[in-house]
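Step one of this worksheet: look at the structure below.
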Amino acid sequence: MRLFAVILALLGIILTAGGIWLVSLSGSGYFALAGLALLITSYFLFTSKRIFANYLYALFLLGTSLWALSESGFDWWPLSSRMGIPLLFAIPLLLGYRKANPYSTGFLFVVWALSAVVTLGSLFNTTHTIEGTLPTEQVNASPNMGGIGDDEWTSYGRSNYGQRYSPLNQINTQNISQLTEAWRMETGDQKGPQDVTETTYQATPIKLGNTLYLCTPHNWLVALDADTGKKRWVYDAKVPEESQRQHQTCRGVSYLPAQNGDLQLSEASTQNANLHTENLAPVTCDARLFMPTSDARLLAIDPSTGALCRNFAKDGVLDLMQHMPFKQSGYYYSTSPPVVTNGVVVVAGAVNDNYDINSPSGVIRAFNAQTGELVWNWDSANPEDTSPLKEGETYTVSSPNSWSVASADEELGLIYFPMGNRTPDQLGMYRNEAEEKYSSSVVALDAKTGQAKWVQQFVHHDLWDMDTPAQPVLLDLTIDGETVPALVAPTKQGDVYVLNRATGEPILPITEQPAPQGTIEGDFAAETQPSSALSFNPPELEESDMWGASLVDQLICRIQFKQLRYEGRYTPPSKQGSIVYPGNFGVFNWGSVAVDPKRQVMFGMPLRFAFVSTIVPKDDEGYSLAEVNTGEHGVNANEGAPYAVELKPFMSPLGVPCQQPPWGFVAGAELTTGHIAWQHKNGTIEDMTPLPLPIEMGVPGIGGPIITDGGLAFMGAAMDNYIRAYDLTSGKELWKSRLPAGGQATPMTYLNSQGEQMVVIVAGGHGSIGTKTGDSVLAYKLSQ
């Protein structure tokens, strides 16, 4: 018992000292009082006054229960983190009943039992859930889905509309339980020891004929038999290692059909599973695949043979560093598939965040899809002049870029780009008027000229790295009996904007909300920020939202919360450190959302995850000691600027989020009204802890969903290694299958040569969220 008294005293000292610190920051007084109670209890134990120890601990436990319920409600995760240690520490006192007054032990037992029952009972309480159903009526039975056949998947989002919707319904809510693995294969491209942290499998295959085409993180283009998964050929782009890249990934490839419109793939010529095609002589291509690489090239490859196309650019290779003002190795590359539309292949790119104020341009360029000749270039810092640059001319330094996937409407002749920010993201003093206009927006460019037809901005004077991260989704909505061409744009800050894609005008209302002020010297914050009528923006954080595995790390999180600057969404970054919530990881990210164009509803995976953004003066003593340019998160140097920036998740000392769960959801909403019909926690902690406990917690994730006409949504994405199928109407999980690695890629679906519907997902993990790495591709179909 003396050892227990020592432990109790140590905990009491920690809670008392930390509690006084928290009170000095205008925080809760509970921890200081709790610490004092534990110290006095330990004193009674040392002096063998067990009766007083039991009574006092019972009062402490009762007070803790009332305090925990007042802050948490009947919610298991926040309640258990507050009650866990107090309930556990009562057990030694109860076991020592022979040396204590039975009345005092009985009183303690009653309080302990009631507190335990209340705490454990909260396990069965459904919280943070919106129960409801999406409408099942097909508002438009024959919608425009981008001009492709029902059984095709020829672009990253199935078509250039990016709907991620398939009209296939062979697999449906009635037979989903019969879905089983049909085949799996390994590409052979594994994460290496020298790879950057953000080495990730994010690829969604496309299907042409009976062949699947997908790219890997190191830019291998792999052709697979769609029936069996066997390799037809592999093209290895031979991308060199580069420690200065923030990302090592490839989300997909694009396809240019033959000029006569036929597929013209010679299946017989692509059957050698061991054929590596990078050393083949270039061939003349009619149809072609386009793959961007992480060393800033665009490759044109023959779909039949895997050879480069000699009739595009220089033997199938286009240098994307041409006309760049700065050409630092690893600072510019393209991670998303280009857009092929109206005879051009249009390429955007990623520019490293916060490495150097003098970085490559974020220019968007259209090349003749047949020859590779530059047709136009749109530079968001110099948007009026889109004529191709002449020899010796360069684009604007560090201008806002578009790193995610774009969409296109061939009939309107418009291409829709989700725009990022100008680097440095957190320092706004380097931006010109045009950059202020086009950053963190969606811009519609004329496919023939590159001129901007309209722009809708989602963050004014972005200081938070709130790039528009997701492919805009195109569909036609029926509003008041009229068909309206619409665009759906999910954002990192949680708003989902529904716009007229012809004009950019809002379909669902957009309002301007007051925003926090106060920045570092020489900068400013926008007085208002836009907000959409359809929004998954979480409630503002409070001290009572702080979490941890125990009272101790929760106390530390509360102290951090009070020390950091936080005035709600869009709190400007600061030298003291500011909480960014939602964080720049995003409520939505590149996985976007999926829409059902018949029912005119959406399925998405909103997240709630706070980050800390700190402006670091370079004359600060600690700056030179820090490891800089470690990736997108960490300390980035901002070379040429007086400030570096540090970005990191808001975590406890034990490495768990300081904000209480859930952190991840699935949700369904009506696009014509903005009504969120349902929202459920998504994912378990099975792969997040040493013990494989499949406890549903609502975990973070990254990736995207698809919807099928069978009433299903398929998605991996969460930090546990599963692919799941959900009922689109209710959001209920109907099926899941274990993956060999993290499933942070968007699935796709198609019919094989036997007319069987297949669902395919790439499972290779994600460096930033730490899921298991691998190189698997898995296909599922209904059992016979």
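If you read the sequence from its start, that first residue is 1, and numbering goes on from there.
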Are the side chains of P572 and Q517 in touch, meaning some heavy atoms are under 4.5 Å apart?
-> no
TODO: Give a yes or no on whether the backbone of P516 and the side-chain of R569 come within a donor-acceptor separation of less than 3.5 Å.
DONE: no
Q. Hey, are H128 and D75 close enough side-chain-wise for a donor-acceptor pair under 3.5 Å?
A. yes
One should read off an interatomic distance between S574 OG and L463 CG, to the nearest 0.5 angstrom, of 11.5 Å
Nearest heavy-atom approach of E512 to P530 is OE1-N, 3.5 Å
Smallest heavy-atom separation, A669 atom then F536 atom, equals CB-CZ, 4.4 Å
Output for pair (L36 CG, I20 CD1), nearest 0.5 Å, gives 7.0 Å
message: Less than 4.5 Å apart, side chain to side chain, heavy atoms only: is that true for T630 and V635?
response: no
Heavy-atom count check: over 12 atoms from other residues, nucleotides or ligands less than 6.0 Å from F52 CZ? no
Test side chain to side chain donor-acceptor pair (under 3.5 Å) on T105 and N54; report intermediate values, then the result.
CA-CA 6 Å; T105 304; N54 282 4; 3.1 Å; yes
Go through the side-chain N and O atoms of Q554 and S81 and say whether any donor and acceptor fall under 3.5 Å apart. yes
Open item on the list: In the structure I gave you, are the side-chain heavy atoms of W112 and L61 within less than 4.5 Å of one another anywhere?
Closed with: yes
*Step through it carefully: locate the ring centre of F611, locate the ring centre of Y581, and say whether they are under 6.0 Å apart.*
no
**Asked** Got W21 and Q563 here, is their nearest side-chain heavy-atom distance under 4.5 Å?
**Response** yes
T41 and A53 have their tightest heavy-atom pair at CG2-O, 3.8 Å
Between the CG atom in D545 and the OG atom in S72, the distance rounded to the nearest 0.5 Å is 9.0 Å
- Query: Taking the side chain from K562 and the backbone from S24, do they hold a donor-acceptor pair closer than 3.5 Å?
  - Reply: no
(message) Just checking Y43 against F46, ring centres under 6.0 Å apart?
(response) no
Any side-chain heavy-atom pair of D687 and K772 under 4.5 Å
no
Exactly one of D195, T773, T249 clears side-chain hydrogen bond (donor to acceptor under 3.5 Å, both in side chains) with T200, and that residue is T249
- Query: Strictly by modelled atom types, are S122 and N125 linked by a side-chain donor-acceptor pair under 3.5 Å?
  - Reply: no
- Query: Under 3.5 Å, side chain of Q246 to main-chain N/O of T197, donor-acceptor pair present?
  - Reply: no
Exactly one of L541, V612, V580 clears side chain to side chain contact (heavy atoms under 4.5 Å, CB included) with Y566, and that residue is L541
Between L564 and F650, does a side-chain contact (heavy atoms from CB on, under 4.5 Å) hold up when you go through it step by step? CA-CA 10 Å; L564 294 167; F650 185 26; 4.0 Å; yes
Worked verdict on V645 versus T614 for side-chain contact (heavy atoms from CB on, under 4.5 Å)
CA-CA 6 Å; V645 62; T614 306; over 6 Å; no
Margin query: Parallel, tilted or perpendicular, judged at 30° and 60°: which one describes the rings of W67 and F31?
Written below: perpendicular
* To do: Say whether S578 and Q576, considering side chains only, have a donor N or O and an acceptor N or O under 3.5 Å apart.
  => no
ask   = Does a side-chain N-to-carboxylate-O contact under 4.0 Å join R82 and E71?
value = yes
Rounded to the nearest 0.5 Å, the OG1 atom of T528 sits from the CD atom of Q513 at a distance of 8.5 Å
Between N629 and Q244, the two heavy atoms sitting closest are ND2-OE1, 3.9 Å
message = Using side chain to side chain donor-acceptor pair (under 3.5 Å), reason through D553 and S550 one step at a time and then give a plain yes or no.
response = CA-CA 6 Å; D553 52 328; S550 68; 2.7 Å; yes
Step through it carefully: locate the ring centre of W663, locate the ring centre of W77, and say whether they are under 6.0 Å apart.
no
The reported gap from NE2 in H633 to OG in S613 (rounded to nearest 0.5 angstrom) is 10.0 Å
Query - side chain to side chain donor-acceptor pair (under 3.5 Å) assessment of Q529 paired with S531 - result: CA-CA 7 Å; Q529 293 289 355; S531 181; over 6 Å; no
To the nearest 0.5 Å, atom CD1 of I615 lies from atom OH of Y643 at 8.5 Å
Looking just at side-chain N and O atoms, do Q744 and T771 make a donor-acceptor pair shorter than 3.5 Å? yes
Query raised in the report: Hey, is the main chain of L38 close enough, under 3.5 Å, to the side chain of Y57 for a donor-acceptor pair?
Result: no
_Distance alone, cut at 3.5 Å: any donor-acceptor contact between the side chains of D720 and T684?_
yes
Exercise for the section: For residues P582 and P538, determine if any side-chain heavy atom of one lies less than 4.5 Å from a side-chain heavy atom of the other. Expected result: yes
> Do the ring centers of F4 and F89 come within less than 6.0 Å of each other?
Replying inline: yes
For G640 and I357 the tightest heavy-atom approach is O-CD1, 3.4 Å
Notebook entry, point to check: Do the side chains of L120 and W76 get nearer than 4.5 Å, heavy atoms only?
Noted result: yes
Can you confirm whether Y55 sits close enough to Y103 that some side-chain heavy atom of one is under 4.5 Å from a side-chain heavy atom of the other? yes
Could you check, using the six-membered ring where one of them is a Trp, whether F665 and H680 have ring centers closer than 6.0 angstrom? no
Heavy atoms of other groups near K648 NZ, more than 12 under 6.0 Å: no
Quiz prompt | Exercise: do S532 and D495 side chains pair donor with acceptor under 3.5 Å | solution = no
Heavy-atom nearest pair, G420 first then D467, reads CA-OD1, 3.5 Å
Give a yes or no answer on whether the side chain of E527 reaches the backbone of P514 with a donor-acceptor pair at less than 3.5 Å.
no
Determine, stepwise, if the pair Y430 / T423 fulfils side chain to side chain donor-acceptor pair (under 3.5 Å).
-> CA-CA 9 Å; Y430 299 98; T423 188; over 6 Å; no
